[in-house]
Amino acid sequence: MSSHIRRSMPLFPIGIVMQLTGLSARQIRYYEEHGLVSPARTEGNRRLFSFNDIDRLLEIKDLIEQGVNLAGIKQIFASRKQAEQPEQPKQPNKSNTPATPKVVKQDLSEEELRELLRTELMQAGRFNRATLRQGDMARFFH
DNA sequence: TTTCTCACA
DNA sequence: TGTGAGAA
């Protein structure tokens, strides 16, 4: 039950995220402006992204490439939220309402995460220091 | 050096 | 969205 904390732990500065996602800093910040991602901030006001954020960014990238605009992506994320956190069903479906939006895609991560971490590890190697990460990272390579 | 915000060709 | 300025 600690996978959540790891996935939501702010670890990467925007530079790393750029390489991991292939998005420009501009785009990343732009998406943040639109509430598509909410990275944490350091004391110096630097953005720190978590694995969750990166996953999200990757999804956004895919969607954009598929021709979906920000508004559309917002909706997709919104409807997904509903699916995961079904607001108290005020009205029980008497008739068989197939109220299941079906999140069409997504079993992304696992494979993409590999690529991400690989890159991240290489980065970490650049400034051979943050070996703190390698320990945590290792868990992802089981 | 890297990232931040702001503003504009 | 890209890009550059000026600051941290």
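Basis for what follows: all heavy atoms, side chains included, without hydrogens, waters or symmetry-related copies. Naming: A, B, ... by sequence-line order, numbering from 1 per chain. The structure presented is a predicted model; accordingly, all values stated were derived computationally and were not measured.
A:Ile16 and A:Leu48 are members of different hydrophobic clusters when ILVMFWY side chains are connected at heavy-atom separations under 4.5 Å.
Looking at A:Asp53 and A:Pro39, their side chains come closer than 4.5 Å, going by heavy atoms from C-beta outward. Residues A:Val37 and A:Ile60 form a side-chain contact, since some pair of their non-hydrogen atoms from C-beta on lies under 4.5 Å apart.
Residue A:Leu48 contributes atom CG, which lies 16 Å from atom P of B:dT2 at whole-angstrom precision. The CG atom of A:Asn45 sits 13 Å away from the C1' atom of B:dT2 (whole-angstrom rounding). As a whole-Å value, the separation of A:Glu43 CD from B:dT3 P is 18 Å. Between the P atom of B:dT5 and the CD atom of A:Glu33 lies a distance of 9 Å, rounded to the nearest Å. Separating the CE atom of A:Met18 from the C1' atom of B:dT2 is a distance of 11 Å, rounded to the nearest angstrom.
In this structure, CZ on A:Arg26 lies 6.5 Å from CD on A:Glu33, to the nearest 0.5 angstrom. Put simply, OG on A:Ser38 and CZ on A:Phe49 are 9.5 Å apart, with the number rounded to the nearest 0.5 Å. In this structure, the separation between CE on A:Met18 and OG on A:Ser24 is 6.5 Å, given to the nearest 0.5 Å.
Stem analysis of DNA chain B (at least three stacked-register Watson-Crick or G-U pairs, each with both distances under 3.5 Å) gives B:2-8 with C:2-8.
At a threshold of 4.0 angstrom between heavy atoms, the contacts of A:Gly15 are confined to the sugar-phosphate backbone, with no base atom among them. Within the nucleic acid shown, A:Arg47 comes within 4.0 Å of sugar-phosphate atoms alone, with no base atom in reach, counting heavy atoms only.
Closest non-hydrogen pair, A:Pro10 versus A:Ala40, comes out as CG-CB, 3.6 Å.
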All N/O donor-acceptor pairs, side-chain side in residues 69-77 of chain A, below 3.5 Å, sequence neighbours left out:
from	atom 1	to	atom 2	distance (Å)
A:Asn69	OD1	A:Ala71	N	3.1
A:Asn69	OD1	A:Gly72	N	2.6

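The stretch residues 34-42 of chain A comes close to DNA chain B through A:Arg41, each having a heavy atom under 4.0 Å from the strand.
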- Message: Can you build the contact string for nucleotides 1-8 of chain C? Use B for base contact, S for sugar-phosphate-only contact, and - for no protein heavy atom under 4.0 Å.
- Response: BBB----B
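Checking side-chain atoms of A:Arg56 against main-chain N and O of A:Leu36 turns up a donor-acceptor pair under 3.5 Å.
For A:Arg41, the side chain to side chain contact (heavy atoms under 4.5 Å, CB included) partners two or more places apart in sequence, or in a different chain, are A:Glu32, A:Asn45, A:Arg47. A:Leu23 meets the side chain to side chain contact (heavy atoms under 4.5 Å, CB included) test with A:Thr21, A:Gln27, A:Ile28, A:Tyr31, A:Leu57, A:Lys61; sequence neighbours excluded.
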